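Model, not experiment: these values are computed from the prediction.
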Amino acid sequence: MQPPLVTCKGVGKTWQTDGAPFVALRDIDLNIARREFVVFLGPSGCGKSTLLYLISGLEQVSSGRIVCGGAEVREPGTDRGLVFQDASLFPWLSVGENITFGLKMQHMPKENRRRVAEEILERVGLSEAIDKRPDQLSGGMRQRVAVGRALALKPEILLLDEPFAALDVQTRAKMQDFLTQVWQQSNVSMVFVTHHIDEAIALADRIVVFTARPGRIKTIIPVDLPRPRDTRSRAFHDLSVHLTDLMRDEVDRAFAEQERVR
Ligand SMILES: Nc1ncnc2c1ncn2[C@@H]1O[C@H](COP(=O)(O)OP(=O)(O)O)[C@@H](O)[C@H]1O
Ligand SMILES: [Mg+2]
């Protein structure tokens, strides 16, 4: 069996705030296989983004270690692509230039960059948009460009932090299909953060359910449903009910915590 792409061993994160130290994550043990689609699910504030940033190398672990592709994670790297809720494209650059911005930083010649942009935009279904500006695109299209920009650097894993949260329900469903296709046609692993139960079931090979703060892994649920996932199937519904029950306790705890802090 292949070794996992990412290993988190005993990972903890304590934020140093002006008051008491703030424990955001504790004792996280998690392996992510190559080509696996993992979803982090949990109530707001449970540390999902924090764990994503630790894997990305944007933030440092307070305890434990994270290994990606055999090397300990200490800083961001092109092997780990990032996509955020807000596409944060460069508004003054064309879509094509946005896609290949990282490659320009790596001094790839202009003609080659154009070719990469064409190839990537075909993969994300936006070939027509290559010379458009970001503000000419819809929210869903901008997120497809953000996924394309992350893919352009040939990452081994994409780390996506609630990338569809700002989209309307219909667009969101389309984007889930889109992301599933991109994933199936590539060799990348995915880590996708959401607090939406149905989104987690639509996407994941495995759903990592977090506890309320301090975030720990409550349980990991494998999703063995065929793709594309039928949101109206009995099995989908049953899993949704099960996850709702699992999450309810944690949401209650998170809520009680917020009331206490206030
Ligand atoms: N840079 C930071 N400094 C201090 N506290 C932070 C920082 N980032 C996040 N937190 C806190 O850590 C907890 C977990 O945050 P986060 O990972 O963003 O949760 P989630 O993504 O699950 O909503 C929250 O209580 C949040 O306020
Ligand atoms: Mg978050």
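Looking at heavy atoms from C-beta onward, Val73 lies out of side-chain contact with Arg65 at the 4.5 angstrom threshold. Contact of the Leu51 side chain with the Phe210 side chain is registered, since non-hydrogen atoms from C-beta on lie closer than 4.5 Å. Taking the side chain as every heavy atom from C-beta outward, Arg35 and Asn187 approach each other to under 4.5 Å. At a threshold of 4.5 Å between non-hydrogen side-chain atoms, the residues Pro228 and Thr180 do not count as touching. Between Arg34 and Val188 there is no side-chain heavy-atom pair separated by less than 4.5 Å. The shortest distance between side-chain heavy atoms of Leu52 and Leu54 does not fall below 4.5 Å. With a 4.5 Å cut-off on side-chain heavy atoms, Ile130 and Glu118 count as touching. Two residues are said to be in side-chain contact when any heavy atoms from C-beta on lie closer than 4.5 Å; Ile157 and Asp79 fail this criterion.
The closest donor-acceptor contact from the side chain of Arg133 to the backbone of Trp92 lies under 3.5 Å. Between the Lys48 side chain and the Gly42 main chain, a donor and an acceptor come within less than 3.5 Å of each other. The backbone N or O of Phe84 sits less than 3.5 Å from a side-chain atom of Gln143, completing a donor-acceptor pair. Remark: side-chain polar atoms of Ser233 are not paired, donor with acceptor, to backbone N or O of Arg229 under 3.5 angstrom. When atom types are taken as modelled, the side chain of Arg144 and the backbone of Gly125 share a donor-acceptor pair closer than 3.5 angstrom. In this structure a side-chain-to-backbone donor-acceptor pair under 3.5 Å is present from Ser62 to Thr14. Side-chain atoms of Gln60 come within 3.5 Å of backbone N or O of Arg74 as a donor-acceptor pair. In this structure, the side chain of Lys218 does not engage the main chain of Glu250 through any donor-acceptor pair within 3.5 Å. Without hydrogens or angle criteria, Asn98 side chain to Ser94 main chain gives a donor-acceptor distance under 3.5 Å.
Under the salt bridge (charged side-chain N to carboxylate O under 4.0 Å, His left out) criterion, Asp131 pairs with Arg114, sequence neighbours left out. The salt bridge (charged side-chain N to carboxylate O under 4.0 Å, His left out) search around Asp205 returns Arg227, not counting sequence neighbours. With sequence neighbours left out, Asp245 forms a side-chain contact (heavy atoms from CB on, under 4.5 Å) with Val241, Arg248. Under the salt bridge (charged side-chain N to carboxylate O under 4.0 Å, His left out) criterion, Arg26 pairs with no residue, sequence neighbours left out. Applying the side-chain contact (heavy atoms from CB on, under 4.5 Å) criterion to Asp86, with sequence neighbours excluded, gives no partner residue. Residues meeting the salt bridge (charged side-chain N to carboxylate O under 4.0 Å, His left out) test with Glu59, sequence neighbours left out: none.
Val147 and Leu167 fall within a single hydrophobic cluster, where Ile, Leu, Val, Met, Phe, Trp and Tyr are joined by side-chain heavy atoms under 4.5 Å apart, directly or via other members. Follow the hydrophobic side-chain contacts under 4.5 Å out from Ile217 and you reach Ile66 in the same cluster. Residues Leu246 and Leu239 are members of one and the same hydrophobic cluster, defined by side-chain heavy-atom contacts under 4.5 angstrom among Ile, Leu, Val, Met, Phe, Trp and Tyr. Hydrophobic clustering keeps Val61 apart from Val67 (ILVMFWY residues linked when any side-chain heavy atoms are closer than 4.5 Å, directly or through intermediates). Taking hydrophobic clusters as Ile, Leu, Val, Met, Phe, Trp and Tyr residues chained together by side-chain heavy-atom distances below 4.5 Å, Ile220 shares a cluster with Ile28.
A side chain to side chain contact (heavy atoms under 4.5 Å, CB included) with Leu41 is found for one member of Ile221, Leu243, Val193, Ile201 and no other, namely Leu243.
Classification of Glu119 and Arg115 as a salt-bridged pair fails, no side-chain N sitting under 4.0 Å from a carboxylate O. Glu156 has no carboxylate O lying under 4.0 Å from a charged side-chain N of Arg80, or vice versa, which leaves the two without a salt bridge.
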Item to check | side-chain contact (heavy atoms from CB on, under 4.5 Å) between Val191 and Leu160, intermediate numbers included | outcome: CA-CA 6 Å; Val191 179; Leu160 306 107; over 6 Å; no
Next on the checklist: Run the side-chain contact (heavy atoms from CB on, under 4.5 Å) test on Leu126 and Met141 for me, step by step, so that the C-alpha distance in whole Å, both residues' side-chain angles and the decisive distance to 0.1 Å come before the verdict.
Outcome noted: CA-CA 8 Å; Leu126 283 175; Met141 288 162 91; 3.8 Å; yes
Item to check | Residue pair Val145, Val124: steps toward the side-chain contact (heavy atoms from CB on, under 4.5 Å) verdict | outcome: CA-CA 7 Å; Val145 175; Val124 300; over 6 Å; no
Next on the checklist: Could you walk me through whether Val39 and Thr194 satisfy the side-chain contact (heavy atoms from CB on, under 4.5 Å) test, starting with their C-alpha distance in whole Å, then the side-chain angles of each, then the deciding distance to 0.1 Å, before giving a yes or no?
Outcome noted: CA-CA 7 Å; Val39 171; Thr194 186; 3.7 Å; yes
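Note that CD of Glu162 is 7.5 Å distant from OG of Ser44, once rounded to the nearest 0.5 Å. Asp198 contributes atom CG, which lies 8.5 Å from atom CD of Gln176 (distance to the nearest 0.5 angstrom). One distance of note links CG of Leu159 with CG of Leu82; it measures 5.0 Å at 0.5 Å rounding. To the nearest 0.5 Å, atom NE2 of residue His196 and atom CG of residue Leu203 are 12.0 Å apart. Rounding to the nearest 0.5 Å gives a distance of 8.5 Å between CZ of Phe236 and CG of Asp230. One distance of note links CD1 of Ile99 with CG of Leu121; it measures 4.5 Å at 0.5 Å rounding.
Residue Glu122 places its CD atom among 12 or fewer non-hydrogen atoms of other residues, nucleotides or ligands, all under 6.0 Å distant. The environment of Glu128 atom CD is sparse: at most 12 non-hydrogen atoms of other residues, nucleotides or ligands sit within 6.0 angstrom. Within 6.0 Å of the NZ atom in Lys9, the count of heavy atoms belonging to other residues, nucleotides or ligands does not exceed 12.
For the residue pair Gly81 and Pro155, the shortest heavy atom distance occurs at N-CB, 3.7 Å. Taking each heavy atom of Cys68 and Val6 in turn, the nearest pair found is SG-CG2, 3.9 Å. Considering every non-hydrogen atom in both Ala33 and Ser189, the closest pair reads O-OG, 3.0 Å. For Val23 against Arg213, the heavy-atom pair with the smallest separation is O-NH1, 3.4 Å. Considering all non-hydrogen atoms of both residues, Pro91 and Pro134 come closest at O-CD, 3.8 Å. Heavy atoms only, all atoms of each residue included: Leu225 and Ala235 are closest at CD2-CB, 3.5 Å.
For the 3.5 Å distance criterion, the side chains of Thr171 and Asp168 qualify, holding a donor opposite an acceptor.
With Phe101 as the aromatic partner, Arg113 does not meet the cation-pi criteria of under 6.0 angstrom to the ring centre and within 45 degrees of the ring axis.
Ring to ring, Phe164 and Phe178 are not that close: their centroids are 6.0 angstrom or more apart. In summary, the aromatic rings of Phe40 and Phe192 are positioned with their centroids too far apart to meet the 6.0 Å limit.
Between Phe37 and Trp183, the ring-plane angle classifies as perpendicular under the 30° and 60° cut-offs.
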